[in-house]
Amino acid sequence: MATVRTRFAPSPTGYMHIGGMRTALFNWLWARHNEGQFILRIDDTDQERNVEQALIPILRAFRWLGLDWDEGPEVGGVYAPYFQSQRHLFYDQSKQQLLDAGQAYHDYDTPEQIRADRQAAKKEGRNYLNIRRSLELTAEQIEQYELEGRPSVVRFSVPRDQFVTIDDAIRGRVEWDCSLICDPVIVRGNGSPLYNFATAVDDGLMQITHVIRGEEHLSNTPIQALIHQALGHELPQFVHIPYVAAPGSKEKLSKRKLDKYRKNPQFKKMFDKADQVLPQIGLAGSRALDPVMVEYYVRMGYLPAAVLNALARLGWSLDDKTEIMTLESIIDNFTLDRVIKSPAGFDPDKLISLQTHWIGQLPIEDKIDGCLAYLVKAGLIDAHPDTAVRSYISEILVAMGNRLKIFCDILDHREFFVADDQLDYDEKAFEKRIRKTNAADLLEKFSERLATTETFDAESLEKLMHDFVETEGIKIGQIIHSVRVAVSGKSVGIGLFDCLALLGRKRCLIRLDRALKRL
RNA sequence: GGCCCCGUCGUCUAGCUAGGUCCAGGACACCGGACUUUCGAUCCGGUAACGCGGGUUCAAAUCCCGCCGGGGUCACCA
């Protein structure tokens, strides 16, 4: 059996689409599962801008997830070049082959003519089929046109008396009536090839065995199949996987609908989080960074393992139970027959839950490193923390437990890093837990206890609290919330005694005092 | 509108190829309870789905037909 060769062919857009990443992942997975090759090819036939620049975020996304490519940019390969913009020779050759065989022709129709044809078809309510006027031209007329320098495109000549059939690995047998298919333009007036043509030429030349792509490409598959056929290529196995839909919808996830997504309840959380975090770490607002891009997850502090796990579960499953999977396990078990047919809505909540799992698996040192980056960027600690700082963070992380889901969540606990006089108070919490409850008296007394107690670890502090409550003859709820707000500025957070112990006696006393003075 | 694809809890999905063990399983979310300290933490529990209508059959989520619904795509973009 031939070696499995899959490919992902991104257009250099300057960012990596999360749905595209999922497609890339499936291609990579299938190649790795079969010990075949995964090729990265850059579809830049229509690129005016700086391709190299636009490619950086895409390659970075691949590297971040640990998806390596056997052939492609930077690594080369026997089928080089891997940029379509550098493959004109091949396209010219194939174009000529088609032209010579009468399977393609120069079309001299003007855009105006074509537009008129389309409108006429629409008006009459029939399917638009291009009119092959240029085929009626005499040799003299063509010569005349060429002399005039009249522009022409090259169209592939669809055999209108046929049916094209493909046997898709996921959809099964799909058939199209060629008499309904327009002759596609394969080469522009300026000589550059078009997607459907370049793709078929390259997939054939590069010996691609499996074309795994989003279902949205199903409709241009007959054209590619026809071109393969005309070029004498063996047809690759087509694998049309369901596209990734926006959360809670069946619509394809699209970068153009960002404004709409900001209102999507699930996506909204992600946007809000970015709005809150990014300014703190010196990045512009989330306008430049959104959850449709892989970059978002990188910058927010998600784990590759989590994103990989979530992406793999979008349209694919191992069995009826397994949710948590390592990349190795996914590779081992990844088969095409377990890919689902219907669109898969991207679920941010599921991602978070997977992320929570994977971050929980991380060795503490890695967790520290992950959080450190955010603390440094936010200016809360020095760039080169000593071991004391590291172990302080370590203790905080232990106390946080699964409250830390994403690395940037560490910024929700600024209270452990800011100077005592810089601590911000949540005014609503302060009002409710301190001002309204007339907590001043109790806080003062509690403060005295803290000042005199011998040991200041979580356990003894808890004991101290219970003693205090008993001697004062109050309920614990009457004091504990006030203390929390006084020392941390907020009403929620890690366990109170862990919080007090972490801050240490001195800071607790200063903060308690400061809170009292605000009254 | 033409062509094509899809349709199981709110969401991701298992089951459908070889009909019964499925009054449909798991996970996330949600709701509730517990933890005589909060919580977006932890533990426990609960609600919740085979789009509709016909067939075939002793038996259908699973097979057949029709309908309805959703989506993708119709460029000298990829």
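Just so you know, these numbers use all the heavy atoms, side chains as well, and skip hydrogens, waters and symmetry mates. The sequence lines fix the lettering, A, B, ..., with proteins before strands; numbering per chain opens at 1.
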Trainee: Under 3.5 Å for both donor-acceptor distances, Watson-Crick or wobble: does B:U37 have a partner, and if so which one?
Mentor: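 Here B:U37 is not engaged in any pair, so there is no nucleotide opposite it.
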Trainee: Could you tell me whether A:Asp409 and A:Lys273 make a salt bridge, using a distance below 4.0 angstrom between a side-chain N and a carboxylate O?
Mentor: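 So A:Asp409 pairs with A:Lys273 through a salt bridge.
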Trainee: When we call it a touch if two heavy atoms are under 4.0 Å apart, what does A:Phe346 touch: a base, just sugar-phosphate, or nothing?
Mentor: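 It contacts nothing in the nucleic acid.
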Trainee: Give none if B:U57 has no partner; otherwise give the nucleotide forming a Watson-Crick or G-U wobble pair with it, both distances under 3.5 Å.
Mentor: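 Here B:U57 is not engaged in any pair, so there is no nucleotide opposite it.
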Trainee: Just checking A:Arg171: base, sugar-phosphate only, or nothing, at a heavy-atom cut-off of under 4.0 Å?
Mentor: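 If one applies the 4.0 Å heavy-atom cut-off, A:Arg171 turns out to touch the sugar-phosphate alone, with no base involved.
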Trainee: NA contact type, A:Gly493, heavy-atom cut-off 4.0 Å: base, sugar-phosphate, or nothing?
Mentor: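 It contacts base atoms.
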Trainee: Determine the interatomic distance between C1' on B:G10 and the same-named atom on B:A29; round to the nearest Å.
Mentor: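 Each nucleotide's C1' atom is 8 Å from the other's.
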Trainee: If we take the P atom in both B:G46 and B:G25, what is their distance in whole Å?
Mentor: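 Each nucleotide's P atom is 12 Å from the other's.
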Trainee: Measuring only the P atom in each nucleotide, how far is B:C35 from B:C39? A whole number of Å is fine.
Mentor: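 Roughly 13 Å separates the two P atoms.
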Trainee: Answer with base, sugar-phosphate or nothing: what part of the nucleic acid does A:His240 contact at a heavy-atom distance below 4.0 Å?
Mentor: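 The answer is nothing, as A:His240 stays clear of every strand by at least 4.0 Å.
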Trainee: Using ring pair (Phe, Tyr, Trp, His ring centres under 6.0 Å), reason through A:His217 and A:Tyr195 one step at a time and then give a plain yes or no.
Mentor: CA-CA 11 Å; A:His217 285 277; A:Tyr195 169 74; 5.8 Å; yes
Trainee: Please work out whether the ring planes of A:Phe238 and A:His240 are parallel, tilted or perpendicular, with thresholds of 30° and 60°.
Mentor: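 Because their plane-to-plane angle is under 30°, the rings of A:Phe238 and A:His240 count as parallel.
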Trainee: If you look at every strand shown and take non-hydrogen atoms under 4.0 Å, does A:Lys350 touch a base, only sugar-phosphate, or nothing?
Mentor: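 Answer is base: heavy atoms of A:Lys350 come under 4.0 Å of a base.
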Trainee: Please classify the nucleic acid contact of A:Gln266 as base, sugar-phosphate, or nothing, using heavy-atom distances under 4.0 Å.
Mentor: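 The answer is nothing, as A:Gln266 stays clear of every strand by at least 4.0 Å.
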Trainee: Students often get this wrong, so: under 4.0 angstrom with heavy atoms, is A:Lys490 touching a base, only sugar-phosphate, or nothing?
Mentor: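 Counting heavy atoms under 4.0 Å across all strands, no contact is made by A:Lys490.
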Trainee: Output every pair passing side-chain hydrogen bond (donor to acceptor under 3.5 Å, both in side chains) with a member in residues 349-360 of chain A, not counting sequence neighbours, ordered by first then second residue.
Mentor: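 Listed by first then second residue: A:Lys269-A:Asp349, A:Asn309-A:Trp358, A:Glu323-A:Lys350.
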Trainee: If you measure from the P atom in B:G40 to the same atom in B:A78, how many Å do you get, rounded?
Mentor: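 Straight-line distance between the two P atoms is 50 Å.
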Trainee: Check ring pair (Phe, Tyr, Trp, His ring centres under 6.0 Å) between A:Phe83 and all other residues, then give those that pass, not counting sequence neighbours.
Mentor: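 Applying ring pair (Phe, Tyr, Trp, His ring centres under 6.0 Å) to A:Phe83 gives none.
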Trainee: Quick one: OH on A:Tyr302 to CG on A:Leu308, what's the gap to the nearest 0.5 Å?
Mentor: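 Rounded to the nearest 0.5 Å, the OH-CG separation comes out at 15.0 Å.
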Trainee: Please give the nucleotide sitting opposite B:G1 as a Watson-Crick or G-U wobble pair, both distances under 3.5 Å, or none.
Mentor: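 Checking every strand shown, B:G1 finds its partner in B:C74, with both distances under 3.5 Å.
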Trainee: What does A:Asn220 touch in the nucleic acid at a heavy-atom separation under 4.0 angstrom: a base, only the sugar-phosphate, or nothing?
Mentor: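 Since a base atom lies under 4.0 Å of A:Asn220, the category is base.
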Trainee: Could you tell me if A:Arg7 and A:Thr199 have a donor-acceptor pair between their side chains, going purely by distance under 3.5 Å?
Mentor: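 No - no donor-acceptor pair under 3.5 Å links their side chains.
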Trainee: Partner of B:C30 by Watson-Crick or G-U wobble geometry, both contacts under 3.5 Å, or none?
Mentor: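 B:G46 - that is the nucleotide pairing with B:C30, both distances being under 3.5 Å.
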Trainee: Mind checking the P distance from B:A49 to B:U8? Whole angstroms is fine.
Mentor: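 The answer is 14 Å between these two P atoms.
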Trainee: Tell me which residues in residues 178-188 of chain A put a heavy atom below 4.0 Å from RNA chain B, sorted by number, or none.
Mentor: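 Contacts with RNA chain B under 4.0 Å: A:Leu180, A:Val185, A:Arg188.
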Trainee: If the plane angle is over 60° it's perpendicular, under 30° parallel, otherwise tilted; pick one for A:Phe8 and A:Phe62.
Mentor: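 Tilted.
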Trainee: Taking the nucleotide of RNA chain B with the closest heavy atom to each, which residue, A:Leu218 or A:Lys269, is nearer the 5' end?
Mentor: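 Taking each residue's closest nucleotide, the earlier one in sequence belongs to A:Leu218.
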Trainee: Heavy atoms of chain A, cut-off under 4.0 Å: which first and last nucleotide of RNA chain B, 5' to 3', fall inside that, if you could look?
Mentor: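 Listed 5' to 3', the contact boundaries are B:G2 to B:A78.
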Trainee: Which part of the nucleic acid does A:Val153 contact within heavy-atom distance under 4.0 Å: base, sugar-phosphate only, or nothing?
Mentor: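 Here A:Val153 touches the bases of the nucleic acid.
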Trainee: Could you check whether A:Glu216 gets within reach of a base, just the sugar-phosphate, or nothing at all, counting any heavy atom under 4.0 Å?
Mentor: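 A:Glu216: backbone/sugar contact only, no base atoms under 4.0 Å.
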Trainee: Is there a salt bridge (Lys or Arg N to Asp or Glu O under 4.0 Å) between A:Glu415 and A:Arg511? Walk through the geometry before answering.
Mentor: CA-CA 11 Å; A:Glu415 65 269 21; A:Arg511 291 181 182 197; over 6 Å; no
Trainee: Taking the C1' atom in each of B:G15 and B:G70, what is the distance between them to the nearest angstrom?
Mentor: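 It works out to 23 Å between them.
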Trainee: Find the partner of B:G69: check Watson-Crick (N1-N3 plus N6-O4 or O6-N4) and G-U wobble (N1-O2, O6-N3) distances, both under 3.5 Å, and reply none if neither fits.
Mentor: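 Paired with B:C6.
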Trainee: Is A:Leu314 touching bases, backbone alone, or none of the nucleic acid, heavy atoms closer than 4.0 Å?
Mentor: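 Answer is sugar-phosphate: A:Leu314 comes under 4.0 Å of backbone atoms only.
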Trainee: In terms of the angle between their ring planes, are A:Tyr297 and A:Phe346 parallel, tilted or perpendicular, with boundaries placed at 30° and 60°?
Mentor: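 Rings of A:Tyr297 and A:Phe346: perpendicular, as their planes differ by over 60°.
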Trainee: Determine which nucleotide pairs with B:A14, using a 3.5 Å limit on both distances of a Watson-Crick or G-U wobble pair.
Mentor: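 Paired with B:A14, as far as the under-3.5 Å criterion goes, is no nucleotide at all.
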Trainee: Drop me the distance from A:His413's NE2 to A:Ile494's CD1, to the nearest 0.5 angstrom.
Mentor: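 Rounded to the nearest 0.5 Å, the NE2-CD1 separation comes to 7.0 Å.
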Trainee: Which pairs with one or both residues in residues 468-488 of chain A pass side-chain hydrogen bond (donor to acceptor under 3.5 Å, both in side chains), sequence neighbours excluded?
Mentor: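 Only A:Lys445-A:Glu472, A:Arg449-A:Thr471 qualify under side-chain hydrogen bond (donor to acceptor under 3.5 Å, both in side chains).
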Trainee: Can you find a pair of side-chain heavy atoms, one from A:Ile212 and one from A:Ile241, that are under 4.5 Å apart?
Mentor: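 Heavy-atom side-chain distance check passes, below 4.5 Å.
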Trainee: Can you tell me how far C1' in B:C65 sits from the matching atom in B:C22, rounded to whole Å?
Mentor: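 Roughly 25 Å separates the two C1' atoms.
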Trainee: Does the ring of A:Phe334 carry A:Arg338 above it, NZ/CZ under 6.0 angstrom from centre and within 45° of its axis?
Mentor: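 Checked: cation-pi criterion not met.
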Trainee: Between B:C30 and B:U73, how far apart are the two C1' atoms, rounded to whole Å?
Mentor: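 Per the computed distance, 36 Å lies between those C1' atoms.
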Trainee: Please classify the nucleic acid contact of A:Gly495 as base, sugar-phosphate, or nothing, using heavy-atom distances under 4.0 Å.
Mentor: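 The answer is base, as A:Gly495 lies within the cut-off (heavy atoms under 4.0 Å) of a base atom.
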Trainee: When all nucleic acid strands are considered with a 4.0 Å heavy-atom cut-off, which category describes A:Ser353: base, sugar-phosphate, or nothing?
Mentor: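 The residue A:Ser353 makes sugar-phosphate contact but no base contact.
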Trainee: Over all strands shown, is A:Ser192 touching base, sugar-phosphate only, or nothing at heavy-atom distances under 4.0 angstrom?
Mentor: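 Result for A:Ser192 = nothing.
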Trainee: Quick check: on RNA chain B, is the nucleotide nearest A:Leu194 upstream (toward 5') of the one nearest A:Gly345, or the reverse? Name the residue that is more 5'.
Mentor: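 The 5'-side residue here is A:Gly345.
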Trainee: Using purine N1 to pyrimidine N3 plus N6-O4 or O6-N4 for Watson-Crick, or N1-O2 and O6-N3 for G-U wobble, each under 3.5 Å, what pairs with B:U62?
Mentor: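 Looking at the geometry, B:U62 pairs with no nucleotide.
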Trainee: Name every residue in residues 105-116 of chain A that has at least one heavy atom under 4.0 Å from any atom of RNA chain B, in order of residue number, or write none if there are no such residues.
Mentor: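 The stretch gives none, as no residue of it lies under 4.0 Å from the strand.
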